[in-house]
Amino acid sequence: MLLTLIGESCVGKTTLANALKEAYGAQIFSGKDYLRLAKNEGEAKKLFQEKLKAAVDGETILYLIAEKEQLSLLPEGAVRILVTADLALIQERFAARMGGKLPAPVAAMLEKKHGCFDKEPFDLHIHNGCPDAAEVCRRLTSGM
């Protein structure tokens with residue numbers, strides 16, 4: 001099964017991925033992790049797309065996507081899980097990553113990117129951590 005967690009930074013993709021990894025024994029890829037599959041970027045991308053396609057009906061892979069251009073790597077049959085959070089929560093989490101203070105340029109960048117995946121197709125939507133990982137697993141097992 002190919003599970004894709006799609007969303008902006010600091011919405012909870014990694015937290016959810018770690019819970020799903022434990023539940024499914026899945027391999028996790030994030031962003032451009034696929035570059036480690038080959039020395040040449042084009043070859044690495046091709047190998048990764050083949051791996052993702054095979055995962056649709058094979059081993060479970062979790063792919064975390066935070067950039068829109070990465071959506072083009074997804075094969076038909078991938079389960080798309082949109083992970084979103086309120087802007088204030090994203091800013092709070094980002095500030096925590098930066099030692100407690102969110103610089104104005106970073107806040108402006110987060111505000112500009114907020115909602116960038118909202119119009120993308122998805123199979124399941126998680127907002128501010130709801131539903132939780134246990135419920136997500138239940139829905140995935142029951143076919144949503």
Side-chain angles (χ1 to χ4, degrees), residues 1-100 102-103 105-141 144:
M1 175 170 33
L2 175 56
L3 302 173
T4 59
L5 305 180
I6 303 165
E8 303 160 53
S9 296
C10 292
V11 294
K13 295 184 306 295
T14 301
T15 301
L16 178 59
N18 288 331
L20 293 174
K21 176 184 180 180
E22 187 173 314
Y24 290 96
Q27 196 176 9
I28 297 178
F29 289 89
S30 181
K32 290 190 174 184
D33 281 351
Y34 63 85
L35 291 175
R36 63 184 172 195
L37 297 176
K39 291 181 181 178
N40 173 290
E41 183 175 353
E43 182 64 22
K45 194 175 195 178
K46 180 181 173 196
L47 289 170
F48 187 58
Q49 286 178 297
E50 290 170 4
K51 187 173 190 65
L52 294 179
K53 188 174 182 179
V56 169
D57 295 315
E59 69 172 312
T60 301
I61 289 181
L62 288 159
Y63 182 35
L64 284 63
I65 295 176
E67 300 296 331
K68 287 190 87 159
E69 64 268 6
Q70 294 161 353
L71 292 171
S72 67
L73 298 172
L74 299 181
E76 193 170 313
V79 177
R80 293 170 174 245
I81 302 172
L82 177 63
V83 186
T84 61
D86 294 333
L87 180 58
L89 181 57
I90 293 170
Q91 290 173 328
E92 179 183 310
R93 290 173 177 172
F94 219 98
R97 284 185 180 181
M98 301 185 84
L102 188 64
V106 175
M109 180 267 304
L110 292 173
E111 191 171 328
K112 182 179 178 183
K113 284 189 79 172
H114 187 63
C116 67
F117 291 103
D118 290 357
K119 294 190 187 318
E120 296 297 330
F122 61 86
D123 300 298
L124 181 60
H125 183 197
I126 289 126
H127 183 70
N128 290 343
C130 296
D132 65 13
E135 177 62 14
V136 170
C137 287
R138 188 193 68 69
R139 289 184 189 184
L140 290 170
T141 303
M144 289 183 266

Quiz prompt | Student check: side-chain heavy atoms of Leu140 and Val136 closer than 4.5 Å | solution = yes

Rounded to the nearest 0.5 Å, what separation is found between the [atom1] atom of [X] and the [atom2] atom of [Y]?
X     : Y      : atom1 : atom2 : result
Leu82 : Lys119 : CG    : NZ    : 12.0 Å
Ile6  : Asp118 : CD1   : CG    : 11.5 Å
Gln27 : Lys21  : CD    : NZ    : 9.0 Å
Gln49 : Leu74  : CD    : CG    : 9.0 Å

Quiz item: Leu73 and Ile65: side chain to side chain contact (heavy atoms under 4.5 Å, CB included), yes or no, with the steps?
Solution: CA-CA 10 Å; Leu73 298 172; Ile65 295 176; over 6 Å; no

For [X], check side chain to side chain contact (heavy atoms under 4.5 Å, CB included) against everything at least two apart and list the hits.
X     : result
Glu67 : Glu69, Gln70, Lys113
Lys53 : Pro75
Ala17 : Leu5, Ile28, Leu62, Leu64
Ala54 : none

Quiz item: What pairs of residues pass the side chain to side chain donor-acceptor pair (under 3.5 Å) test when at least one of them lies in residues 33-44, not counting sequence neighbours?
Solution: none

Exercise. Not counting sequence neighbours, list each pair that qualifies as a side chain to side chain donor-acceptor pair (under 3.5 Å) and has a residue in residues 2-18.
Key: Glu8-His114

Quiz prompt | Residue list, side chain to side chain donor-acceptor pair (under 3.5 Å) with Lys68, at least two apart or on another chain | solution = Glu120

Quiz item: Which residues satisfy the salt bridge (Lys or Arg N to Asp or Glu O under 4.0 Å) test with Glu111, sequence neighbours excluded?
Solution: none

Quiz item: If you look only at pairs with a residue in residues 3-25, which of them pass as a ring-ring contact (aromatic ring centres under 6.0 Å, His included), with sequence neighbours excluded?
Solution: none

Quiz item: Under the ring-ring contact (aromatic ring centres under 6.0 Å, His included) rule, what pairs show up with a residue in residues 63-91, not counting sequence neighbours?
Solution: Phe48-Tyr63

Let me have the donor-acceptor pairs involving side chains of residues 125-135, under 3.5 Å, with sequence neighbours excluded, atom names and distances please.
| from | atom 1 | to | atom 2 | distance (Å) |
| --- | --- | --- | --- | --- |
| His125 | NE2 | Thr84 | OG1 | 2.7 |
| His127 | ND1 | Thr84 | OG1 | 2.7 |
| His127 | NE2 | Asp86 | OD1 | 2.9 |
| Asn128 | OD1 | Asp86 | N | 3.0 |
| Asn128 | ND2 | Asp86 | OD2 | 3.0 |
| Asp132 | OD1 | Ala134 | N | 3.3 |
| Asp132 | OD1 | Glu135 | N | 2.9 |
| Glu135 | OE1 | Arg138 | NE | 3.0 |
| Glu135 | OE2 | Arg138 | NE | 3.4 |
| Glu135 | OE2 | Arg138 | NH2 | 2.7 |
| Glu135 | OE2 | Arg139 | NE | 2.9 |

Considering all heavy atoms of both residues, which atom of [X] and which atom of [Y] are nearest to each other, and what is their separation?
X      : Y     : value
Cys137 : Leu20 : SG-CD2, 3.5 Å
Asp123 : Ala78 : OD2-O, 3.6 Å
Arg93  : Ala85 : NH1-CB, 4.4 Å
Gly12  : Val83 : C-CG1, 4.2 Å

Quiz item: For Phe94, what residues pass the ring-ring contact (aromatic ring centres under 6.0 Å, His included) criterion, not counting sequence neighbours?
Solution: none

